[in-house]
Enquirer: 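Got a structure for you, questions after.
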Number of protein chains: 2
Amino acid sequence: MALERASSRVLPSGATAREFDKALKAFAAAIGDANVITSDEELQSYRDPFAFASADPNEFAPSAAVRPGSVEEIRAIVKVANEFKIPLWVVSRGKNLGYGGAAPRVAGSVTIDLGRMNRIIEVNEEFCYAVVEPGVTFFDLYEHIRAHELKLWVSVPALGWGSVIGNALDRGVGYTPYGEHSNNICGMEVVLPNGELIRTGMGALSRGKTWHAFKHGYGPTVDGLFLQSNLGIVTKAGMWLMPRPDFFVACDLQFERESDLEQIVDTTGRLRREDIIQNTAVLSNAVRLISRLGTREKWFQGDGAAPDDVVQNKLREMRLGAWNLRFAIYGPEELAEGRLKIAKDAFAAIPGSRFESKKWDVRAHTPEEFTAAIGSESVQAGVPSLFALEVLKYRGEDGGHIGFSPILAPSGKEAAKLANLVGRTCHEHGFDYYGGFSFGFRHLWSVMMILYDKKNNEHRVQVDRLFRKLVKEAGELGFAEYRAHVEYMDLVGDPYDFNGHALRRFTETLKDAVDPNGILAPGKQGIWPKAMRGKGNGRAGD
Amino acid sequence: MALERASSRVLPSGATAREFDKALKAFAAAIGDANVITSDEELQSYRDPFAFASADPNEFAPSAAVRPGSVEEIRAIVKVANEFKIPLWVVSRGKNLGYGGAAPRVAGSVTIDLGRMNRIIEVNEEFCYAVVEPGVTFFDLYEHIRAHELKLWVSVPALGWGSVIGNALDRGVGYTPYGEHSNNICGMEVVLPNGELIRTGMGALSRGKTWHAFKHGYGPTVDGLFLQSNLGIVTKAGMWLMPRPDFFVACDLQFERESDLEQIVDTTGRLRREDIIQNTAVLSNAVRLISRLGTREKWFQGDGAAPDDVVQNKLREMRLGAWNLRFAIYGPEELAEGRLKIAKDAFAAIPGSRFESKKWDVRAHTPEEFTAAIGSESVQAGVPSLFALEVLKYRGEDGGHIGFSPILAPSGKEAAKLANLVGRTCHEHGFDYYGGFSFGFRHLWSVMMILYDKKNNEHRVQVDRLFRKLVKEAGELGFAEYRAHVEYMDLVGDPYDFNGHALRRFTETLKDAVDPNGILAPGKQGIWPKAMRGKGNGRAGD
């Protein structure tokens, strides 16, 4: 259904085909014909592979895509967009799966695909950072470091094909001690919506050597403005990398009872704050691990959520816990052993818990050697993979997914409250509760995926209902998401309502100042330019 | 000299006495007569106690001060200032010694003194944070935690009398693992220049419990905008605190030769990146430690810089190294011992180095007990003091100081280059080189203080010449300051010149959007509102 009208030409709102063709010519003059993409066929890859909620298949479709090869070409594109008042959308690798992929918020946007800008500009082994362009993927950076035998580790998200910068800008998550990716950014270069070029922090010192050493500068720090943002286009950034540790200890814990959740979260949260657990620990319920085996039909043939007893049987067969925790320990052997002992003692207080660990000397093994043994958790050792794609087949070969990922305080009580709400609501809508929590330094990301069959219309209707219900009911309990699918960008912003959405009004004031024509990614994360605010863009009133 | 014309009334530029009196009445109506300060005598404390560079003693003097007691009163003050177009300047405790104290950038500003807003709103022991108002000092927060026997440590700067929030907003530095104070801020409440009130990050969720758990939110992160800023007035903030460690190991190192600097910096920087040294390690040259003994006259009676042989004698007498490093180790005993061993091994590679350490069980001692033994470095255990004031007497009982504190990459070569420049330039201008480096996670703060006699006119002339020369010559080598005295705020911004000061233009675009009347702290950190840009404010042309 989503594609049946997709061949009709999508234009920016208000533009005639003639005007738009003029703009396309101007883009082509700036960056070359070959880098302006207009054919329906090629534009398919700039749509959301998992689109489901919208009745109009073109609601999140681009009119064209442009592929600049340099900062100057980006500046030229921005100038043309201002001249013709054409909305732009920016993707680095466009792999933002579950959040809309490469699809723009506004129909008819021209998508700037930064994939050609894939230079690894510098990797500094002594000071442990890389400077990369947005087209560089986690695989690229990992392979570069391996090829040059540098003693550095990259932090990678569940899927390694995405952009290092794009992921960090969207506040993506990895699983090493450098797992809060937006916190690794140190120094950006940004094209503003008016075509102006800035370098942030110490990068403003044209003679300086500290752009990627210190995150601040002199006066206000503006870098945060370019996260989940339509205020500028990041064209390169410094990313802090982790010095390669001497030892790596993979820790794998299982807990018997669902009701252990509170104690697990409280213990893990405390160990994170005390820096005993250094990385993004991942807590998973049974369905989350079972789903990696592929399609559910192999062990349950019914519709709707799998019954508890069926899940319990599968869980016992796979020797999984009701909750399963994985983290790793990094560093010199004496510190690694100390951390391991403290962590073991702490979790031993939870009756029936099992704690397994395996230690590797990183200096004597390739990452592939020791990560092969830990499968999907190779990301804890900074080894990128595509293993996580497996789960897509859970409800059918042509599977889609969308996540509901609110932020929590690292509190067992809060985690239990949310898990109850999400689990119950998933079941009511016919989906298993694929869930868990990832442990940031001082917060939790709630992890939950709605896995569905893209060919199943009933699934698509229910996913939408389920997602909307979760945003509303979790929001009433004080939980809200830190990230959003393009189809829900306004909705997810609704609970951020202090003083009549004053923070959003402030950000929109900034938006109007730096992008008076409102050309850059209108509506991204619910931030609209003046001319488009309140015009049926689906957000609740202020 | 600085005070001879100070009794003449200072008014905001362009305001008549009659208009200004109207504004004062409006302020008084909003916050009460008693909280509007206009007498010359009381206003002295809102001037810079160390003023020296300006020929006009009133150039950095306020016209009045207002002392709001609540957020609503701040909003009311901002409204009056907009109505009368009166520049405001904001201080928390006004203790920004060496950076102008409470003095405003623009003569005739009305200073908002937030000292009455001194509530400790919450200290959360489990999740390790405090929520405070700007009037809360380090002493206040420390004593609150001690009184309630909470297992938390505050990170404190050299002087404990300042504001926890004010210090963090100015990017102040402390000496525990939480020593980069601006990085501890998690969640702000801010009055904007138009009187609007926002809460940042997860604080925008009116029902949420994660305001002080997660630094980001949904969409752009705006918090950095309020550092060293004239874009808003922070009225409360969450500050992350350190869980009290079980053990504390004070480490004290001495190095024989000045030429050891490169190796010391490279070693310490690497141990910081590898998280072996957890806190802000402090490297000091001999003069820096000798100056703590009080006035120099006791051991050298000449003018100008003390000759090398005299300093060398003093150094041997005090058993100091040419360079002296202090850091501490924090945590469970097994990890503390592991870190200590690794650090000892690393520094043993520097010939002639001495390494002393002393370990305390924090659970068995009050902080005062074990910090008494380490004197000025009690700040490494989060114990606030005023010990650092001692150095002011070095060149005379009525001493002043100003620092030159550029940011460096954590590179021995860079540190040596800067130390050579600064040392030579200090000597040329008749001052000893009081110097060293503080180690951030991925950068160095260069530490240098020009200590002078406030009564000595020749000193004051030379301090100004020395400071200007350092900004210029260090700037040419790529070093620039992260902070500035009000008298030099434009000057210090000059080297941040990439693309014709594009970053400053961007920040000024934001300034104009959120503060169209330009009332809030015009000129702070070189950011001017539209109407005041380029009007003899002393900054170099764009």
Side-chain angles (χ1 to χ4, degrees), chain A residues 127-128 171 192 196-200 202-210 213-214 216-225 227-229 231 240 243 273-274 332 334-335 338 342 407-409 414 442-443 478 480 482 492-493 495-499 502-503 506-507 509-510 513-514 525-527, chain B residues 127-128 171 182 192 196-200 202-210 213-214 216-225 227-229 231 243 273-274 332 334-335 338 342 407-409 414 442-443 478 480 482 492-493 495-499 502-503 506-507 509-510 513-514 525-527:
Chain A
F127 298 130
C128 306
R171 300 198 180 92
L192 299 176
E196 181 78 281
L197 185 73
I198 62 170
R199 289 184 174 174
T200 66
M202 305 306 284
L205 285 175
S206 46
R207 289 190 190 82
K209 294 178 186 169
T210 50
F214 184 57
H216 301 279
Y218 180 65
T221 301
V222 304
D223 299 58
L225 291 185
L227 300 175
Q228 293 186 350
S229 168
L231 301 172
W240 284 352
R273 286 190 293 283
E274 293 178 353
E334 47 270 66
L335 300 194
I342 294 166
I407 299 291
L408 282 78
E414 291 284 290
R442 297 285 194 117
H443 72 279
Y482 76 103
V492 167
Y496 290 83
D497 61 354
F498 175 77
N499 193 17
L503 179 59
F506 175 63
T507 311
T509 301
L510 306 182
V514 305
Q525 250 71 27
I527 304 301
Chain B
F127 298 131
C128 306
R171 300 199 181 92
S182 63
L192 299 176
E196 181 77 282
L197 186 72
I198 63 170
R199 290 186 173 173
T200 67
M202 305 306 284
L205 285 176
S206 46
R207 290 191 189 81
K209 294 178 186 171
T210 50
F214 184 57
H216 300 279
Y218 180 66
T221 300
V222 304
D223 300 58
L225 291 184
L227 301 175
Q228 293 186 349
S229 168
L231 301 172
R273 286 190 293 283
E274 292 177 354
E334 47 270 66
L335 300 194
I342 294 166
I407 298 290
L408 282 78
E414 291 285 289
R442 297 286 193 117
H443 73 280
Y482 76 104
V492 167
Y496 290 84
D497 60 355
F498 176 76
N499 193 16
L503 179 59
F506 175 63
T507 310
T509 301
L510 306 182
V514 305
Q525 250 70 29
I527 304 301

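Treat the numbers as computed from the prediction; the structure is a model and nothing was measured.
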Enquirer: Considering only heavy atoms and a distance below 4.5 Å, find which of Thr200(B), Asp223(B), Leu192(B) pairs most often with chain A.
Expert: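 Heavy-atom pair counts peak at Leu192(B).
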Enquirer: Within the structure provided, determine whether Asn499(B) and Ile198(A) are in side-chain contact (heavy-atom separation under 4.5 Å).
Expert: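 No, every pair of side-chain atoms sits at 4.5 Å or beyond.
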Enquirer: Hey, which of Leu227(B), Val222(B), Leu231(B) is the one that makes side chain to side chain contact (heavy atoms under 4.5 Å, CB included) with Pro220(A)?
Expert: Leu231(B)
Enquirer: Report which part of Ile342(A) has an atom under 4.5 Å of a heavy atom belonging to chain B: side chain, backbone, both, or neither.
Expert: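 Contact with chain B: side chain only.
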Enquirer: Look up atom CG in Leu197(B) and atom CZ in Phe506(A), then write down how far apart they are to the nearest 0.5 Å.
Expert: 12.0 Å
Enquirer: Please classify the contact between Thr509(A) and chain B as side chain, backbone, both or neither, with a heavy-atom cut-off of under 4.5 Å.
Expert: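 Both parts, backbone and side chain.
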Enquirer: With a 4.5 angstrom heavy-atom cut-off, could you sort out which part of Ser229(B) is near chain A: side chain, backbone, both or neither?
Expert: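 Its backbone and side chain both get close to chain A.
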Enquirer: Identify the heavy atoms of Arg199(B) and Leu503(A) that sit nearest to each other, and give their distance.
Expert: O-CD2, 3.7 Å
Enquirer: Would you call the rings of Tyr218(A) and Tyr496(B) parallel, tilted or perpendicular, where under 30° means parallel and over 60° means perpendicular?
Expert: parallel
Enquirer: Please classify the contact of Leu225(B) with chain A as side chain, backbone, both or neither, using a heavy-atom distance under 4.5 Å.
Expert: both
Enquirer: With side chain to side chain contact (heavy atoms under 4.5 Å, CB included) as the criterion, how do Phe127(A) and Arg273(B) come out once you've worked through the C-alpha distance, each side chain's angles and the decisive distance to 0.1 Å?
Expert: CA-CA 8 Å; Phe127(A) 298 130; Arg273(B) 286 190 293 283; 3.6 Å; yes
Enquirer: Specify which of Gly224(B), Ser182(B), Gly203(B) makes the most heavy-atom pairs with chain A at under 4.5 Å.
Expert: Gly224(B)
Enquirer: Considering non-hydrogen atoms only, spot the tightest contact between Glu334(A) and Gly338(B) and give its length.
Expert: CG-CA, 4.0 Å
Enquirer: Would you mind telling me which of Ala409(A), Ala502(A), Ala480(A), Ala213(A) has the largest number of heavy-atom pairs within less than 4.5 Å of chain B?
Expert: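 Max contact count across the listed options: Ala213(A).
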Enquirer: For Pro495(A), which atoms come within 4.5 Å of any heavy atom of chain B: side chain, backbone, both, or neither?
Expert: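 Its backbone and side chain both get close to chain B.
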Enquirer: Hey, mind stepping through Glu414(B) and Thr210(A) against side chain to side chain contact (heavy atoms under 4.5 Å, CB included) and telling me if it holds?
Expert: CA-CA 10 Å; Glu414(B) 291 285 289; Thr210(A) 50; over 6 Å; no
Enquirer: Side-chain contact test, heavy atoms from C-beta onward, threshold under 4.5 Å: evaluate it for Trp240(A) versus Arg442(B) and give yes or no.
Expert: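 A side-chain contact exists here, since the closest heavy-atom pair is under 4.5 Å.
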Enquirer: Between His443(B), Arg171(B), Glu274(B), which residue shows the highest count of heavy-atom pairs closer than 4.5 Å to chain A?
Expert: Arg171(B)
Enquirer: Which pair of non-hydrogen atoms, one from Leu205(B) and one from Gly478(A), has the smallest distance, and what is that distance?
Expert: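 Closest pair (atom of Leu205(B), atom of Gly478(A), distance): CD1-O, 3.7 Å.
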Enquirer: Show your working on side chain to side chain contact (heavy atoms under 4.5 Å, CB included) between His216(A) and Ile407(B) and close with a plain yes or no.
Expert: CA-CA 10 Å; His216(A) 301 279; Ile407(B) 298 290; over 6 Å; no
